[in-house]
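All values below come from the heavy atoms of this structure, side chains included, with hydrogens, waters and symmetry mates left out. Lettering of chains follows the sequences in order, A, B, ..., and the numbering in each one begins at 1.
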Protein chains: 2
Amino acid sequence: MPRTIYEKSDVIPLLAEIFRELGYEGTSFGTITERTGISKGSLYHFFPGGKEEMAAEVLAEIDHWFVEKVYEPLARDDPPAALEQMWTSVDGYFRSGHRICLIGAFALDATRDRFAAAIRDYFEDWLRALTSCLTRAGASRPQARTLAEEVVLGIQGALVLARALDNDVVFARQLKRLRGSIDTVLQQEAHATKPPAHKPPN
Amino acid sequence: MPRTIYEKSDVIPLLAEIFRELGYEGTSFGTITERTGISKGSLYHFFPGGKEEMAAEVLAEIDHWFVEKVYEPLARDDPPAALEQMWTSVDGYFRSGHRICLIGAFALDATRDRFAAAIRDYFEDWLRALTSCLTRAGASRPQARTLAEEVVLGIQGALVLARALDNDVVFARQLKRLRGSIDTVLQQEAHATKPPAHKPPN
DNA sequence: GTCTATATGGAGATAGAC
DNA sequence: GTCTATCTCCATATAGAC
């Protein structure tokens, strides 16, 4: 009987889903072996540091995904295209509100202290990249920073509320509102040359 | 040697702080006995249902606090006064961003399923009360509901981001922004009779 | 109504066979 | 590189003395 051979890179997404669903403390080794079908022995072979190492690698992989799909485009590309890419990636990643942000969830309890640097970097990088993009799009530095904060925090809040109410429409509405906020600010900044546009934040 | 006699009502705030800091799964009986100084025997005397009953009573107490300090004023009082009261209560309750929302944190992992009704009610009651207040202040129903959602979710998001960055200024700024959003909408609604006021959302 | 002592299961982690 | 068997510790929970 052939045994299933895993690569570490195949295991991490499975771990991510488990941690996301159960939280760091709520995830036990037993659950991990059950859901992945991988024995304790194999898991320790991949992750000698045990649960903490697993979670650290999960966080690193999530961060990597966002860097590639969101932060780098924001810092590099044409602002309207980069923003469009951000909304698409974010909506896809969080499955339109069905999936929570593992890093945000880890931030809320004592798990934060275990992974403080990774958690902080994830959000700071997002804020930095988005601020840069908005600045290039014409917003003043302080306005860009404020708006970036509003967006990043608004996504986190929407995930919390959508899950609390078990209603993902909350998430969709919030993404729309945040898009609107960005449009409004950028149009205000461009007022000298162009007439105010038609779309209110609602 | 005199023994310290506790009342259940004295214990619950202690439990609340522990759950808030460590999360539901991260809180063990051992931690609870250490931090409260109450033995297991006494704890089970107060809470025969164990940890789950403790958390349920904590959630109920938090809800009760918000009903009294926030939701009832919003549903009953003069809108400007009720809103002012909400901002003061919220800023005080969350210690200007130092303290997270236990109910929001519980919403993010499998703990939600254990306390789904309590979690949902907490947020729905808040949304309902705030929508009512904003409607009475002159906003249209849909605008009031949208704005209420923005406020409630914006507070949750600010708590997540403030803790992730370990920077409570994020929370203060967001409260200010949300106040501004409300002012802006209410002034727009009152445009027919009154001149626009002086304070921009920044 | 408080406590200590204890039962029992599951936690994270390791050893070592295959 | 996979697995099972096992270790130790701490989890929740209970019993019963004071």
Rounded to the nearest Å, what distance is computed from the CZ atom of residue B:Arg114 to the C1' atom of nucleotide D:dT12? 12 Å

Can you measure A:Lys51 atom NZ to D:dA11 atom C1' for me and round it to whole angstrom units? 12 Å

Is any side-chain nitrogen or oxygen of B:Tyr44 closer than 4.0 Å to OP1 or OP2 of D:dA13? yes

When the distance from CG of A:Leu43 to C1' of D:dG1 is rounded to whole Å, what number comes out? 12 Å

Return yes if the base of D:dT12 and the side-chain atoms of B:Lys40 contain a donor-acceptor N/O pair under 3.5 Å, otherwise no. yes

B:Glu52 has an atom CD; how far is it from atom P of D:dT12, in whole Å? 13 Å

Distance below 4.0 Å between A:Ser39 side-chain N/O and D:dT2 OP1 or OP2: no

Could you tell me how far apart B:Glu53 (CD) and D:dT12 (P) are, to the nearest whole angstrom? 15 Å

Can a side chain N or O of B:Ser42 be found less than 4.0 Å away from OP1 or OP2 on C:dG1? no

Gap between atoms NE2 and P, on B:His45 and D:dT14 respectively (whole Å): 15 Å

Any donor-acceptor N/O pair, B:Arg136 side chain to B:Asp77 backbone, under 3.5 Å: yes

Give A:Thr33 one of three labels, base, sugar-phosphate or nothing, depending on what nucleic acid heavy atoms sit under 4.0 Å from its own. nothing

Give a yes/no verdict on a cation-pi contact between A:Arg99 and A:Tyr93, requiring under 6.0 Å between NZ or CZ and the six-membered ring centre and an angle within 45° of the axis. yes

Answer yes or no: does a side-chain N or O of B:Ser28 lie under 4.0 Å from OP1 or OP2 of D:dA11? yes

Hey, can you tell me if A:Tyr44 and A:Phe29 have their rings parallel, tilted or perpendicular (30° and 60° cut-offs)? parallel

Judged by atom type as modelled, is there a donor-acceptor pair below 3.5 Å linking the side chain of A:Thr135 to the main-chain atoms of A:Thr131? yes

List the steps and the verdict of side chain to side chain donor-acceptor pair (under 3.5 Å) for B:Thr184 and B:Ser181. CA-CA 5 Å; B:Thr184 302; B:Ser181 295; over 6 Å; no

Mind checking if A:Gly41 touches a base, just sugar-phosphate, or nothing, with heavy atoms under 4.0 Å? base

D:dT12 C1' sits how many Å from B:Ile32 CD1, rounded? 10 Å

By nearest-nucleotide position on DNA chain C, the 5'-leaning member of A:Pro48 and A:Thr31 is A:Thr31

Rounded distance in Å - CG (A:Leu22) to P (C:dG10): 16 Å

